[in-house]
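Heads up, the thing below is written out as structure tokens.
Order of listing sets the numbers, starting from 1, for every ligand and every atom in it. None of the values given here were measured: they were computed from a predicted structure.
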Amino acid sequence: MYKKNSIPSTIFSYYDDESPESIEFRRMFSKVRNLNPDQAMKKFIISSSTVGEGKSTTASYLAITISKYRQTSTLLIDFDLRKPKIHQIFGMDPNNGLTDILERAKPAKTCFKETPIPNLKVLTSGKLHQSPSELFNSNRINDFFKEICFYFDTIIIDSAPVIPVSDSLLLSPETDGMFFVVRAGKTPRDVARRARDLMNDAGVNILGVIINDVEGVLPYYYNHDYYGYRYYGNERNSGK
Ligand SMILES: Nc1ncnc2c1ncn2[C@@H]1O[C@H](COP(=O)(O)OP(=O)(O)OP(=O)(O)O)[C@@H](O)[C@H]1O
Ligand SMILES: [Mg+2]
């Protein structure tokens, strides 16, 4: 997605419409959105086995891609109330966000934050809460989802990892399904298996696995550059 060791100010400094990630995300989204013939899926939760696998980065990139694709009105929510990160990725103030809505301190409508993309709004974590689990058990979550579904076509939810805490397993029944992030070359197989077992026990609807940070890990035929897609316009001069 961007070069390691660079310090991007916000995600908009490295987001690229024609990157392999954007292309794959558009493909994946159009495939899953209409899996249910009765009603298009709209609420997607992003999780992973453990910490630092790229959930927040993936959720942000996916939300931008979807909001630009077919002009879909999209909301990205930071539901990782223990390690909120979306506000940093977008360069926003975390306050006036999710916890404030769930505690009924603020109406949802007043907390959606604008981004440079007209179709994309962000709901940051809100002020830190002493015990996030209380908020997860609350039936306010149900009311909250009913309300936001009224305003948005697609909702992308960044969440906590599955193994250390149960937050995303508790949240998943409120959503249409989960995208599970695995960091290529980093997530041990046994750890991913343990997460899969926990998700299966909790009845999570796993819609797909997103392999993050594949560069240098997968064989050449997974690389978009190999097919010349990224440089399609210059291909005649590129010698490919
Ligand atoms: N594809 C990638 N290439 C380079 N760096 C990446 C990539 N994906 C994520 N990172 C970096 O790895 C770190 C962890 O990413 P991120 O915060 O998205 O993971 P996370 O799974 O949400 O972590 P946490 O469990 O702490 O919430 C960040 O510094 C992020 O910038
Ligand atoms: Mg995160």
ask   = Would Gly52 count as a contact of ligand 1 if the rule is a heavy atom under 4.0 Å away?
value = yes

message = With nothing but distance in play, are any N or O atoms of Gly54 less than 3.5 Å from an N or O of ligand 1?
response = yes

ask   = With distance as the sole criterion, is a donor-acceptor pair present between the side chains of His129 and Glu134 under 3.5 Å?
value = no

message = Test of understanding: given a 4.0 Å heavy-atom threshold, classify the contact between Asp158 and ligand 1 as side chain, backbone, both, or neither.
response = neither

task = Report yes if the side chains of Leu62 and Phe179 come closer than 4.5 Å at any heavy-atom pair, otherwise no.
result = yes

message = Using a plain distance cutoff, I'd like to know if Asn212 has any nitrogen or oxygen under 3.5 Å from a nitrogen or oxygen of ligand 1.
response = yes

query = Which ligand 1 atoms does Val51 reach within 4.0 Å, using its non-hydrogen atoms?
reply = 25 (O)

request  = Flag the pair Phe150 / Phe145 as yes when their ring centroid distance falls below 6.0 Å, and as no otherwise.
outcome  = no

remark   = From the list Tyr14, Tyr61, Phe25, side chain to side chain contact (heavy atoms under 4.5 Å, CB included) with Ser19 holds only for Tyr61

inquiry  = With clusters defined by side-chain heavy atoms of hydrophobic residues (ILVMFWY) lying less than 4.5 Å apart, directly or transitively, does Ile89 cluster with Met92?
reply    = yes

ask   = Side chains of Asp17 and Ile23: does their closest heavy-atom pair fall under 4.5 Å?
value = no

request  = Flag the pair Thr74 / Phe152 as yes when at least one side-chain heavy-atom distance between them is below 4.5 Å, and no otherwise.
outcome  = no

inquiry  = On a heavy-atom basis, I'd like to know which of Lys55, Lys186, Glu53, Arg183 is closest to atom 13 (C) of ligand 1.
reply    = Arg183

ask   = Looking at Lys85, which atoms of ligand 1 are within less than 4.0 Å of one of its heavy atoms?
value = 16 (P), 17 (O), 28 (C)

Ser56 near the Mg ion (ligand 2) via N/O/S, less than 2.8 Å = yes

ask   = Hey, which atoms in ligand 1 end up nearer than 4.0 Å to a heavy atom of Asp213?
value = 1 (N), 2 (C), 3 (N)

note = If we number the atoms of ligand 1 from 1 as shown, the ones under 4.0 Å from a heavy atom of Thr57 are 9 (C), 15 (O), 16 (P), 18 (O), 30 (C)

ask   = Taking atom 22 (O) of ligand 1 as the point of reference, which of Ser56, Ala184, Ala160 owns the nearest heavy atom?
value = Ser56

note = Counting heavy atoms under 4.0 Å, the part of Thr58 that contacts ligand 1 is neither

query = Crowded around Arg194 CZ? As in, over 12 foreign heavy atoms under 6.0 Å?
reply = no

inquiry  = Quick check on contacts: which atoms of ligand 1 are under 4.0 angstrom from a heavy atom of Asp80?
reply    = 27 (O)

query = Given side chains that start at C-beta, do those of Thr124 and Phe90 come closer than 4.5 Å, heavy atoms only?
reply = no

